Amino acid sequence: MGQDLRSFLDLVKRKKPDDLVIVSREVNPAYEITALAAKLDREGKRRPVLVFENVRGTSFPVLTNLHASRSRLAASINTPPDEMLRKYLRAMEKPIPPTVVSTGPVKEVVKKGAEIDLYALPQIVHHQGDAGPYITAAISFARDLEDEIWNCAYNRLMIQGRDRTSIHLTTGKHLWEFHRKAEAKSQPLPVAFAIGVHPAIALGSLAIGSIDEDERAIMGGLFGEPLELVKCETSDVLVPAHAEMVIEAEILPHQRVAEGPFGEFTGYSLGERQREVVQVNAITHRRGAFFQDIAVAHLDHLLLSTIPMEANLYRAVRAMVPSLRAVRVPSPFTCYVSIEQRIPGQAKNAIMAVLGADLYMKRVVVVDHDVDVFDDRQMTWAIGTRCQPDRDITIVTNARGSDLDPSSRDDGYTAKWGVDATAKPSLAAYTPRHRVPPEVWTRIKLEDFGLSK
Ligand code: MN
């Protein structure tokens with residue numbers, strides 16, 4: 001299986017040519033790329049991969065909207081859309097460790113020292129009020145300084161100089177932990193950012209789990225073969241051999257710089273904060289590299305992160321409630337769960353499992369298995385008709401959540417809540433739902449009454 005973005009684009013071209021649109025007209029990277037992707041979705045009802053060949057101020061073509069379709073993401077891991085969660089779970093349960101190769105296409109062009117110039121990259125500004133150009137499709141690869149534990153994550157990078165960016169490290173998560181440990185010893189943390197990768201790498205990098213779970217092996221599980229890595233030019237960090245571009249860098253200790261405002265996946269733009277500083281030591285890339293962008297807070301962004309989140313939550317709830325039916329993350333910080341409740345208390349256990357398994361989860365709603373978690377009307381119906389708030393709502397105070405939640409008191413110091421919207425004492429013993437008698441439903445035919453078209 002080709003592990004590069006280009007072989008995936010070839011697959012799209014072959015199987016669904018309309019899903020790849022190349023724009024030749026010059027585009028301004030300030031707002032216009034985001035505007036075109038968003039408008040094409042809203043007005044054109046289309047979410048193809050977009051390649052802008054001619055971007056003002058840079059020689060790099062910009063590729064965006066890659067992840068904006070569920071069926072495209074599913075195709076990238078060789079599975080139908082409704083099997084994605086299962087496929088992802090299998091990759092988590094049977095990860096395939098990566099392999100190190102001597103070189104790869106990402107080394108075709110190597111820039112160091114004075115040749116490094118982040119201003120030569122597309123200077124993409126996404127939304128009004130953003131503090132400046134951001135790199136939104138950078139996947140970090142880093143190793144803990146003390147242990148052989150690797151981590152991958154998406155981290156937004158704001159361009160702050162020819163060889164400098166700031167970085168948003170999600171407070172309390174793994175790369176933040178690596179950096180805090182390095183900083184305690186006053187050491188920089190070597191890191192590298194891959195930009196422009198096969199969607200299986202993107203999906204794997206978003207796996208949620210324990211700090212010692214290796215996202216690179218989950219990428220291997222999704223590929224069905226080991227991910228090929230090469231060593232960086234300026235550090236021992238390993239990066240995907242087939243990436244379009246890699247930025248080799250260090251996160252500096254004891255340095256902070258003003259970052260933001262930046263419109264995020266929540267749909268809000270949080271204000272300026274002091275964030276960690278990234279010193280760039282090399283840029284390597286393929287000849288004619290695509291510079292990948294993610295349309296922040298649009299489906300390109302939201303679909304990609306939902307599947308890994310749902311897979312992890314499915315795994316966590318199933319460990320507590322074996323009769324779990326479905327899990328859905330419908331919007332930021334929210335999780336819907338349906339279970340076939342066999343004994344009272346299982347709904348509460350499902351709530352605790354979700355809140356214990358994902359930092360971002362703040363609101364959990366648990367329903368019985370006759371409710372479809374993918375139907376918002378059924379969800380509000382179940383909350384309205386099976387829930388007594390004084391009995392069925394659990395609130396956890398003073399916990400850690402997302403530092404990007406604008407409602408939290410202090411950048412992520414938050415309360416969380418669970419809603420048990422299952423029927424009590426059991427669905428079987430609950431007031432019956434209205435229905436036409438099943439024998440009538442089966443017998444009666446629309447055409448016999450002149451009602452079929
Ligand atoms: Mn991790």
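Just so you know, ligand 1 is whichever comes first in the structure, and atom 1 is the first atom listed for that ligand. Quick caveat, the model's predicted, so the values are computed rather than measured.
- Here F223 and H198 bring their ring centres to under 6.0 angstrom of each other.
- The environment of CD in Q128 is sparse: at most 12 heavy-atom neighbours from other residues, nucleotides or ligands sit within 6.0 Å.
- For E233 and K107, the salt-bridge test passes: some basic side-chain N is under 4.0 Å from an acidic carboxylate O.
- For S210, every N, O or S atom stays at 2.8 Å or more from the Mn ion (ligand 1).
- For E215, the N, O or S atom closest to the Mn ion (ligand 1) goes by the atom name OE2.
- Between the Mn ion (ligand 1) and the N, O or S atoms of H174, the shortest distance is to ND1.
- The salt bridge (charged side-chain N to carboxylate O under 4.0 Å, His left out) with D19 is formed by just one residue from the set R14, R72, R47, K13; it is R72.
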